[in-house]
Visitor: 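What follows is a single structure, and I will ask about it in a moment.
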Amino acid sequence: MIKKFLFLLSLWCSQVVADNTLEVLIPREEIHQKIVEYADKINQEYKGKELTIVMIMKGAFVFVADFMRELKEPAAIEYIRCSSYSSDTVRGELSVYGLDLLDLRGKDVLLMDDIIDTGHTMNTVVQMIESMEPASLRTCVLLSKTARREVDYQPDDYLFHIENHFVSGYGLDGGELGRGLPDVCYYK
Ligand code: IMP
Ligand code: MG
């Protein structure tokens, strides 16, 4: 009996905590609408061309999966992984994995990530891809958070600008969790 009470209490507590901390920032319908509009633009501008999408894992996988299914021309998909080991005060060096395995020479590349924050990830990867001599390079992020930008880099396209929130869901994680949430959410 006591065990059952404690179990129900813990369930109730976790629900209260969850409700108080996670809020929907961008609902799935809005994301879908923007993706359809963006894919229309890419469909027109790359008509007759073969696009090579390079996605930055893991955060971009949901965004890219939805975007790709709106494309009219066949597109190739490649992935790389980026991580930087940072503490609260010190920014660690960015490690890029998998780019050396790709042959992007002469390709029309679309580099996609979930979010641009300080800008270091995009800025570094763009320089690395440019040195691989693609025919063209365009960059797109789902979210642009400008408040903490540290490098002078703007992606060619972004679908939403957001304020200085830490967000999770739709592929983005908080401590590796939350990527499966269907909406972009923020911690209050
Ligand atoms: P940047 O190098 O600071 O622009 O950071 C870009 C990377 O940091 C993204 O690819 C994300 O993985 C991660 N990131 C930045 N802000 C957030 C956030 O609010 N939620 C989840 N991941 C984030
Ligand atoms: Mg990322």
Side-chain angles (χ1 to χ4, degrees), residues 17-28 30-32 34-35 38 42 52-68 77-102 104 109-132 134 137-188:
V17 169
D19 285 351
N20 282 342
T21 54
L22 260 188
E23 286 276 301
V24 172
L25 183 65
I26 311 173
R28 63 201 83 174
E30 257 181 65
I31 300 172
H32 178 69
K34 275 275 164 104
I35 287 179
Y38 182 60
I42 294 296
T52 299
I53 298 170
V54 175
M55 66 170 161
I56 302 183
M57 293 291 264
K58 306 171 199 162
F61 80 107
V62 178
F63 175 35
V64 173
D66 283 349
F67 166 74
M68 221 187 162
I77 179 108
E78 302 287 0
Y79 67 90
I80 59 172
R81 191 160 69 82
C82 295
S83 66
S84 54
Y85 299 95
S86 311
S87 71
D88 288 347
T89 48
V90 181
R91 198 191 153 77
E93 190 158 330
L94 182 78
S95 301
V96 180
Y97 306 93
L99 198 53
D100 54 333
L101 303 175
L102 307 183
L104 300 177
V109 175
L110 177 62
L111 176 66
M112 299 182 75
D113 202 1
D114 51 356
I115 185 167
I116 181 166
D117 182 13
T118 64
H120 287 286
T121 305
M122 270 281 165
N123 192 42
T124 306
V125 175
V126 161
Q127 285 176 32
M128 292 170 86
I129 293 183
E130 270 167 357
S131 74
M132 298 166 83
L137 173 60
R138 181 176 187 139
T139 57
C140 172
V141 293
L142 177 72
L143 308 171
S144 174
K145 184 159 60 170
T146 45
R148 294 174 0 116
R149 201 63 51 87
E150 289 175 9
V151 296
D152 186 20
Y153 178 79
Q154 294 299 330
D156 297 309
D157 309 299
Y158 62 86
L159 273 53
F160 298 93
H161 174 266
I162 62 166
E163 299 301 321
N164 192 12
H165 295 298
F166 187 83
V167 289
S168 170
Y170 200 76
L172 293 107
D173 73 307
E176 286 304 322
L177 300 178
R179 295 190 195 275
L181 294 168
D183 312 290
V184 171
C185 300
Y186 73 108
Y187 295 88
K188 267 175 117 183

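Indexing begins at 1, ligand by ligand and atom by atom, following the structure's order. Count residues from 1 along the sequence. Below, each value reflects all heavy atoms present in this structure, side chains not excepted, and no hydrogens, waters or symmetry copies.
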Visitor: Can you pull out the closest protein heavy atom to atom 20 (N) of ligand 1? Residue, atom name and distance to 0.1 Å, please.
Guide: V167 O, 2.7 Å
Visitor: Which of these, I115, I56, T118, has its nearest heavy atom closest to atom 3 (O) of ligand 1?
Guide: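 Among I115, I56, T118, the closest heavy atom to atom 3 (O) of ligand 1 comes from T118.
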Visitor: Heavy atoms only: which of L94, V125, L25, L172 is nearest to atom 22 (N) of ligand 1?
Guide: L172
Visitor: So, for atom 8 (O) of ligand 1, does the protein have a heavy atom nearer than 4.0 Å?
Guide: no
Visitor: One thing to verify: whether E176 and K58 come together as a salt bridge, which I'm taking to mean a side-chain N less than 4.0 angstrom from a carboxylate O.
Guide: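 Answer for the salt bridge query: yes.
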Visitor: With sequence neighbours left out, what residues match Y79 under side chain to side chain donor-acceptor pair (under 3.5 Å)?
Guide: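 If we apply the side chain to side chain donor-acceptor pair (under 3.5 Å) test to Y79, skipping adjacent residues, there are no hits.
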Visitor: With only distance considered, is S168 within less than 3.5 Å of ligand 1 through an N or O on each side?
Guide: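 No.
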Visitor: Numbering the atoms of ligand 1 from 1, which are under 4.0 Å from a heavy atom of D173?
Guide: 21 (C)
Visitor: As a quick check of understanding, evaluate side chain to side chain donor-acceptor pair (under 3.5 Å) for R149 and S144, giving each step before the final call.
Guide: CA-CA 10 Å; R149 201 63 51 87; S144 174; 3.2 Å; yes
Visitor: Any side-chain heavy-atom pair from L142 and I31 closer than 4.5 angstrom?
Guide: yes
Visitor: Give the ring-plane orientation class for F63 versus F67, where under 30° counts as parallel, over 60° as perpendicular and anything between as tilted.
Guide: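 Rings of F63 and F67: tilted, as their planes differ by 30° to 60°.
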Visitor: Please indicate whether any nitrogen or oxygen in I116 is less than 3.5 Å from any nitrogen or oxygen in ligand 1.
Guide: no
Visitor: Counting non-hydrogen protein atoms only, what is the nearest one to atom 18 (C) of ligand 1? Give residue, atom name and distance.
Guide: F166 CE1, 3.4 Å
Visitor: State whether R138 and D156 are salt-bridged, where the test is any N-O pair (Lys NZ or Arg NE/NH1/NH2 against Asp/Glu carboxylate O) under 4.0 Å.
Guide: no
Visitor: Answer with yes or no whether G119 contacts ligand 1, where contact means a heavy atom under 4.0 Å from a ligand atom.
Guide: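 True for this residue.
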